[in-house]
Asks: 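Attaching a single structure in structure tokens format; questions to follow.
Chain identifiers are assigned alphabetically (A, B, ...) following the order of the sequence lines, protein sequences preceding nucleic acid strands; residue numbering begins at 1 within each chain.
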Amino acid sequence: METTTTYVLLGTDGRLTDDPAARDVTPELCRDLYRDMVLARRVDSEAYHLQRQGELGLWLQSLGQEAAQVGSIRAIRDSDPVFPSYRDHAAALCRGIGPEALLAQWRGVRQSGWDPAEHRFGVYTLVLGAQLLHAVGYAMGVQRDGSDDVVLAYFGDGSSSEGEANEAFNWAATVHAPVVFFCQNNQWAISTPTGRQFGAPLHRRAAGFGLATELVDGNDVLGVHAATRRAVEAVRRGGGPALIEATTYRMAGHSTSDDPTRYRTAAELDHWRARDPVDRLRALLDDRGWADGAFLADLDAEADALGAETRRACRALPDPDPTAMFDHVLPGGSPTVDRQRDAYAAYLASFEDAVEEAR
Amino acid sequence: METTTTYVLLGTDGRLTDDPAARDVTPELCRDLYRDMVLARRVDSEAYHLQRQGELGLWLQSLGQEAAQVGSIRAIRDSDPVFPSYRDHAAALCRGIGPEALLAQWRGVRQSGWDPAEHRFGVYTLVLGAQLLHAVGYAMGVQRDGSDDVVLAYFGDGSSSEGEANEAFNWAATVHAPVVFFCQNNQWAISTPTGRQFGAPLHRRAAGFGLATELVDGNDVLGVHAATRRAVEAVRRGGGPALIEATTYRMAGHSTSDDPTRYRTAAELDHWRARDPVDRLRALLDDRGWADGAFLADLDAEADALGAETRRACRALPDPDPTAMFDHVLPGGSPTVDRQRDAYAAYLASFEDAVEEAR
Amino acid sequence: MTTTLSRAITTALHHALESDPSVLVMGQDVGALGGVFRVTDGLQKDFGPERVVDTPIAEAGIVGTAIGLAQRGYRPVCEIQFDGFVYPAFNQITSQLAKIHARTAGRITLPVVIRIPVSGGIGAVEHHSESNEAYFAHTAGLRVVTAATPQDAHWLLRQAIESEDPVVFFEPKCRYWSKGEVADEPDLPLDAARVVRPGTDLTLLTWGSMVETCLAAAAAAEEEGHDLEVVDLRSLSPMDVDALTAAVDRTGRAVVVHEAPTFGGLGGEVAATLAERCFDRLEAPVRRVGGFDVPYPAARLEAHYRPDLDRVLDAVDRTLAY
Amino acid sequence: MTTTLSRAITTALHHALESDPSVLVMGQDVGALGGVFRVTDGLQKDFGPERVVDTPIAEAGIVGTAIGLAQRGYRPVCEIQFDGFVYPAFNQITSQLAKIHARTAGRITLPVVIRIPVSGGIGAVEHHSESNEAYFAHTAGLRVVTAATPQDAHWLLRQAIESEDPVVFFEPKCRYWSKGEVADEPDLPLDAARVVRPGTDLTLLTWGSMVETCLAAAAAAEEEGHDLEVVDLRSLSPMDVDALTAAVDRTGRAVVVHEAPTFGGLGGEVAATLAERCFDRLEAPVRRVGGFDVPYPAARLEAHYRPDLDRVLDAVDRTLAY
Ligand SMILES: Cc1ncc(C[n+]2csc(CCOP(=O)(O)OP(=O)(O)O)c2C)c(N)n1
Ligand SMILES: Cc1ncc(C[n+]2csc(CCOP(=O)(O)OP(=O)(O)O)c2C)c(N)n1
Ligand SMILES: [Mg+2]
Ligand SMILES: [Mg+2]
């Protein structure tokens with residue numbers, strides 16, 4: 001079997017490789033990406049603690065996957081539509097989705113937090129792989145519109161085993177859809193390692209479907225950025241769909257309900273901690289002197305403020321109105337639902353009346 | 001992209017290539033395979049005419065695909081379990097499934113015709129691709145039993161787009177199941193050509209999943225036989241799952257309800273008619289003098305007898321008992337179904353009583 | 001215009017494609033072949049392969065990409081080739097198509113129509129004769145409709161395509177070749193039931209493939225002096241319960257007829273609703289006549305499986321005699 | 001033995017794995033993790049990864065391979081991680097698992113059990129709180145059961161595994177941590193309903209997550225002088241209609257309570273059956289209390305969505321006052 005080498009631009013030693021793309025690496029780019037990652041990590045960590053304090057029902061951490069997300073979303077146009085999975089907080093933040101919108105779903109006050117049209121960023125999809133077909137369909141619309149948008153769709157290694165994910169790969173290849181499938185291969189699907197998920201590397205499977213493929217070190221934000229840019233521009237030029245597999249690691253449990261010590265070792269975690277994507281870029285910044293004290297202090301302050309805002313916004317999220325669930329069942333309206341809303345409102349009011357009377 | 005050459009043992013000119021497997025080609029083997037193909041074609045043709053005469057509700061012809069089916073099923077052990085699709089009549093006949101069993105489903109008197117355990121040949125699966133997962137599960141059982149059975153599963157080019165088919169490929173590769181997926185790529189899925197079904201050749205996709213693959217001329221019965229034997233023996237030795245793509249052609253309409261002139265040309269049909277699998281082997285037999293007059297006359301007579309038996313068996317298939325549908329809903333029995341059976345039997349009897357009284 | 005039910009659908013699709021450039025027709029073999037029932041016959045010729053799209057054989061893919069297309073502003077009309085082949089798309093339909101509008105608090109609307117030839121009666125092989133409307137009607141967030149006449153087939157489909165709702169549109173395949181008038185205007189909204197035959201003694205409530213059977217039963221009963229009313233539900237979800245209730249309040253007796261397996265079928269919903277709402281008016285229990293609770297049998301048995309005139313009349317007689 | 005419902009399932013699985021070498025447990029994360037609810041905790045350690053099988057994330061694959069394993073003589077017990085994730089397997093369940101026995105005229109039996117944690121009440125995110133039993137109960141060829149107590153969870157599961165039928169086994173996840181006795185013997189067969197509280201004034205018919213709610217309602221009603229009977233259906237298909245009918249014939253009044261959306265839910269089947277069978281005994285319409293006909297809402301609204309003591313009592317009061 002042919003072996004594929006992983007594309008790396010910023011090595012684990014914090015130094016740029018001699019790949020030609022190194023020429024495009026500017027101090028500004030590095031600082032921007034570093035800022036995105038640091039802020040994302042802060043929001044993620046705050047959310048984790050908010051869950052522990054009972055303020056959120058659940059949280060799925062993006063910890064460790066910042067480079068894969070930030071590197072990829074910063075490589076496409078802000079106008080390019082994105083179909084995320086559910087752990088893509090760093091990408092969401094890059095699209096201007098704030099803590100309030102990000103946390104609403106996990107606090108249980110709404111089923112989704114933001115306007116997909118406004119941010120060109122779909123709502124999270126919890127049913128694994130379902131969003132990949134939506135992305136392909138959207139890309140078929142792009143084709144029909146004659147637009148040069150490229151659609152980016154995130155998914156996980158585990159999700160790739162779903163039939164629907166594979167239908168999406170095949171469909172995209174068949175209709176030559178302008179879509180980039182971006183897999184964050186974080187080595188685990190809850191407790192299931194990739195070795196029990198597939199029998200051959202995903203990027204190789206993707207090539208078999210006829211997709212252009214890239215295998216990239218997902219903890220190398222510059223590499224992810226360069227590889228995604230390359231893939232996206234080829235798609236934009238009409239080269240047909242692509243799949244990027246970014247090798248990364250889920251540093252936290254699957255979710256705040258998970259206990260990863262049941263299925264993986266501390267040594268494995270240590271191995272990956274040494275490959276932390278934020279530290280790696282920081283090493284480059286330090287080495288080159290591209291991040292001065294003022295920049296770092298400002299970023300610290302910005303992160304602190306964002307952390308405070310995350311806590312505030314979370315706690316301030318209002319409980320939904322009891323009848324909100326009746327509001328958007330069918331856009332055309334439903335007499336069944338209307339009857340139930342009215343009856344339930346009257347029922348609730350009867351308790352208030354009873355309380356009133358009891359006074 | 002790497003190109004794959006199609007494996008051919010018996011060329012379109014009716015001559016053996018210089019492939020080493022040519023050494024294993026014996027007159028007996030050729031006569032046996034020829035006989036299987038001729039008999040299968042006869043049954044298929046009789047069934048077609050029976051449908052035209054209103055004796056069958058529907059028939060899906062195997063015409064043109066005899067080499068792919070006969071070559072593959074004759075390359076495995078008779079004890080190896082097979083999971084067919086719905087057009088695999090030639091394969092079924094090789095497993096001793098007679099015309100009566102074969103036609104029952106299409107006459108509408110039963111939902112399936114034969115005992116899978118007896119013939120090591122599953123019932124036809126009309127829901128595209130569903131049988132591939134059954135084959136993988138069965139193969140997992142084979143693994144657990146420590147048996148050296150190899151499971152063979154047939155499917156079509158169109159079916160390969162279903163999510164379930166791809167789940168099967170991935171699952172088999174992941175658990176290293178002793179299964180061979182055999183695709184009869186007959187160029188069409190009803191009116192849909194392979195070019196609108198997938199974006200890259202199926203055998204290449206299969207390799208991407210981590211399956212061992214073979215691309216073989218599906219109208220070359222000797223080539224199919226050799227390739228399947230090779231693949232199956234590798235699987236039997238523990239080499240993990242394989243996929244064989246056999247390039248063939250559906251010479252008839254999709255079914256007796258189809259009108260293929262709506263979507264394909266006479267020229268295309270002519271092209272493939274010149275590659276007829278039965279004629280091709282016959283050319284070799286003639287060229288080598290391996291089939292004498294007695295053999296051919298016997299075969300003619302045998303085919304005629306089988307044709308007559310097909311017509312007889314079809315017409316003799318008894319209409320089912322009205323209450324047969326209540327018989328095998330739940331093995332453990334169901335009071336709901338029992339009540340309905342009793343009520344319906346009483347209801348039917350009431351008509352007979354009425355008729356009786358009217359006399 | 002007099003036409004077949006199948007042709008009434010074709011012309012509705014033609015009209016939609018012509019009048020709204022965002023409408024797409026997609027499915028297996030809908031192009032050159034015109035679909036296995038020829039319902040999309042000629043559309044690809046008139047509107048090209050980008051608007052009448054032959055898809056790979058992947059039902060989840062059909063519905064999933066339709067969802068994406070709808071998010072991009074298109075109005076896909078998907079065809080599922082047969083009732084029994086919609087299940088691979090069940091995940092996309094129930095968890096995505098039905099829920100995305102609610103999940104996004106109304107920010108995303110998905111005007112997707114899924115056309116499904118449904119029910120038996122054509123002597124087909126297994127998986128080609130399922131009556132599976134109950135699965136979809138029980139799924140909040142979907143509109144489910146079915147037509148029994150060319151008029152309803154044409155106008156319900158046009159209304160379905162124009163609606164912003166995800167609609168599952170069932171076409172009773174045994175009625176494809178039946179003829180009838182199609183008027184220049186719809187005469188009812190998308191979610192209204194239709195009294196197809198007024199009557200005073202008992203109400204037959206039905207839909208899809210069984211409407212004709214119930215009309216035949218009513219005609220036969222008339223000869224015996226019974227005046228049966230027949231109501232075609234048309235909209236299975238939301239259900240026009242006010243119309244159904246009004247009908248049964250008038251007659252005081254009701255029989256629900258559908259082809260799907262009886263247990264857990266939509267007839268239970270209809271009967272339970274009427275038994276509750278018309279409690280004081282009912283002079284007899286609401287009976288249900290449906291398919292049996294067994295997998296759809298081989299073709300030679302389907303005449304036994306499907307409710308027919310005699311089985312309907314049997315229930316009618318017992319209800320009238322109660 | 002006193003134990004939790006979740007633990008009662010674990011011990012049932014342990015027993016099955018121990019006593020029958022053909023039993024396999026398979027699903028996502030059932031091995032080292034012990035499942036997201038720890039129901040399979042420790043099983044892989046005791047029986048190894050070939051019998052307690054971590055699968056890829058492919059629900060159709062889980063059911064589809066289980067069908068193949070069953071054909072080879074195994075008895076797979078599959079876990080679907082959450083109710084909302086069973087839909088990718090819907091095709092394999094409805095068209096294959098449910099029908100193969102009938103399709104082969106009984107030649108193939110498929111003793112496959114599909115365990116599904118079901119319903120809400122644990123504050124989960126979307127797709128993790130579905131009550132989708134009606135889809136399966138309406139599918140001929142499946143047995144559908146659900147347990148509300150450790151005793152039933154343990155014994156129904158053992159009976160399900162021992163049965164030759166394909167069984168969908170629903171586990172109300174909000175009850176996983178509730179405690180109760182598990183006897184050394186089953187006290188009812190697999191398809192029997194249970195009168196969990198006898199009473200004379202009105203029968204509450206319910207199952208799964210709502211049994212406890214109905215018992216609480218009955219206790220509250222008792223304080224107001226009403227003697228309510230509570231029947232846990234347990235077997236949703238086939239349904240123990242004789243027991244249900246007998247109960248309502250005794251009390252003359254019935255309220256059906258379930259968590260699933262009301263429209264097209266199994267409550268319709270129960271109510272329609274009782275309204276028909278107990279027509280002359282019923283003193284009031286059979287009312288249904290269920291989830292609303294909307295997609296399951298955000299966690300902070302689930303207390304409004306799910307039937308609770310007050311909503312049950314409201315229906316009870318109106319039924320008693322009728
Ligand atoms: C269809 C479906 N099946 C099962 C689940 C339960 N589940 C949630 S996350 C998860 C693991 C997903 O792994 P992966 O795709 O690698 O993403 P990651 O969590 O690692 O980011 C599973 C099995 C689900 N959400 N959807
Ligand atoms: C799940 C499903 N979807 C659609 C169909 C309808 N259908 C029957 S045969 C067929 C074409 C299959 O093509 P292929 O797999 O290439 O097999 P072939 O008929 O060429 O042997 C289609 C779409 C089906 N049987 N099952
Ligand atoms: Mg992962
Ligand atoms: Mg084909």
Asks: Taking 4.5 Å as the heavy-atom cut-off, does anything in residues 64-73 of chain C contact chain A, and if so which residues?
Replies: C:G64, C:T65, C:I67, C:G68, C:L69, C:Q71, C:R72
Asks: Is chain A contacted by the side chain of C:M239, its backbone, both, or neither, given a heavy-atom distance below 4.5 Å?
Replies: backbone
Asks: Just by modelled atom types, is the A:P331 backbone N or O under 3.5 Å from a matching donor or acceptor in the C:E164 side chain?
Replies: no
Asks: Side chains of A:V123 and C:R107, heavy atoms from C-beta outward: is any pair under 4.5 Å?
Replies: no
Asks: Could you check which of C:A98, C:P76, C:A102, C:A60 has the highest count of heavy-atom pairs closer than 4.5 Å to chain A?
Replies: C:A60
Asks: Mind listing the closest non-hydrogen atom pair of A:S112 and C:R103 along with its distance?
Replies: OG-O, 2.7 Å
Asks: Given that the side chain runs from C-beta out, which part of A:V142 has a heavy atom under 4.5 Å from chain C: side chain, backbone, both or neither?
Replies: both
Asks: Could you tell me whether the side chain of C:Q96 reaches within less than 4.5 Å of the side chain of A:T125, counting heavy atoms only?
Replies: yes
Asks: What closest approach, in Å, do A:W171 and C:G61 show between heavy atoms, and which atom pair accounts for it?
Replies: CZ3-C, 3.4 Å
Asks: Could you name each residue pair satisfying ring pair (Phe, Tyr, Trp, His ring centres under 6.0 Å) that touches residues 51-76 of chain C, not counting sequence neighbours?
Replies: none
Asks: Check each atom of A:Y124 against the heavy atoms of chain C and say whether the ones under 4.5 Å are side chain, backbone, both or neither.
Replies: backbone
Asks: For A:R110, is it the side chain, the backbone, both or neither that has a heavy atom under 4.5 Å from a heavy atom of chain C?
Replies: neither
Asks: Given a strict heavy-atom distance threshold of 4.5 Å, which part of A:A130 is in contact with chain C: side chain, backbone, both, or neither?
Replies: both
Asks: Could you tell me which portion of C:I100 (side chain, backbone, both or neither) has an atom closer than 4.5 angstrom to a non-hydrogen atom of chain A?
Replies: side chain
Asks: Working to the nearest 0.5 Å, report the span between CG of C:D191 and OG1 of A:T336.
Replies: 9.0 Å
Asks: Counting only non-hydrogen atoms closer than 4.5 Å, does A:D115 touch chain C with its backbone (N, CA, C, O), its side chain (CB onward), both, or neither?
Replies: both
Asks: For A:D149, is it the side chain, the backbone, both, or neither that has a heavy atom closer than 4.5 Å to a heavy atom of chain C?
Replies: side chain
Asks: Is any side-chain heavy atom of A:E164 closer than 4.5 Å to a side-chain heavy atom of C:N91?
Replies: yes
Asks: Please report the closest heavy-atom contact between C:A58 and A:E167, naming both atoms and the distance.
Replies: CB-OE1, 3.2 Å
Asks: Does any backbone or side-chain atom of C:L97 lie under 4.5 Å from a heavy atom of chain A? Answer side chain, backbone, both or neither.
Replies: neither
Asks: Heavy-atom distances under 4.5 Å only: say whether C:L190 touches chain A with side chain, backbone, both or neither.
Replies: neither
Asks: Does the side chain of A:L330 come within less than 4.5 Å of C:P238's, by heavy atoms?
Replies: yes
Asks: Side chain from CB out, backbone as N, CA, C, O: work out which of these in C:V63 comes under 4.5 Å of a heavy atom of chain A, or both, or neither.
Replies: neither
Asks: Quick one: are A:H328 and C:T104 in side-chain contact, heavy atoms under 4.5 Å?
Replies: no
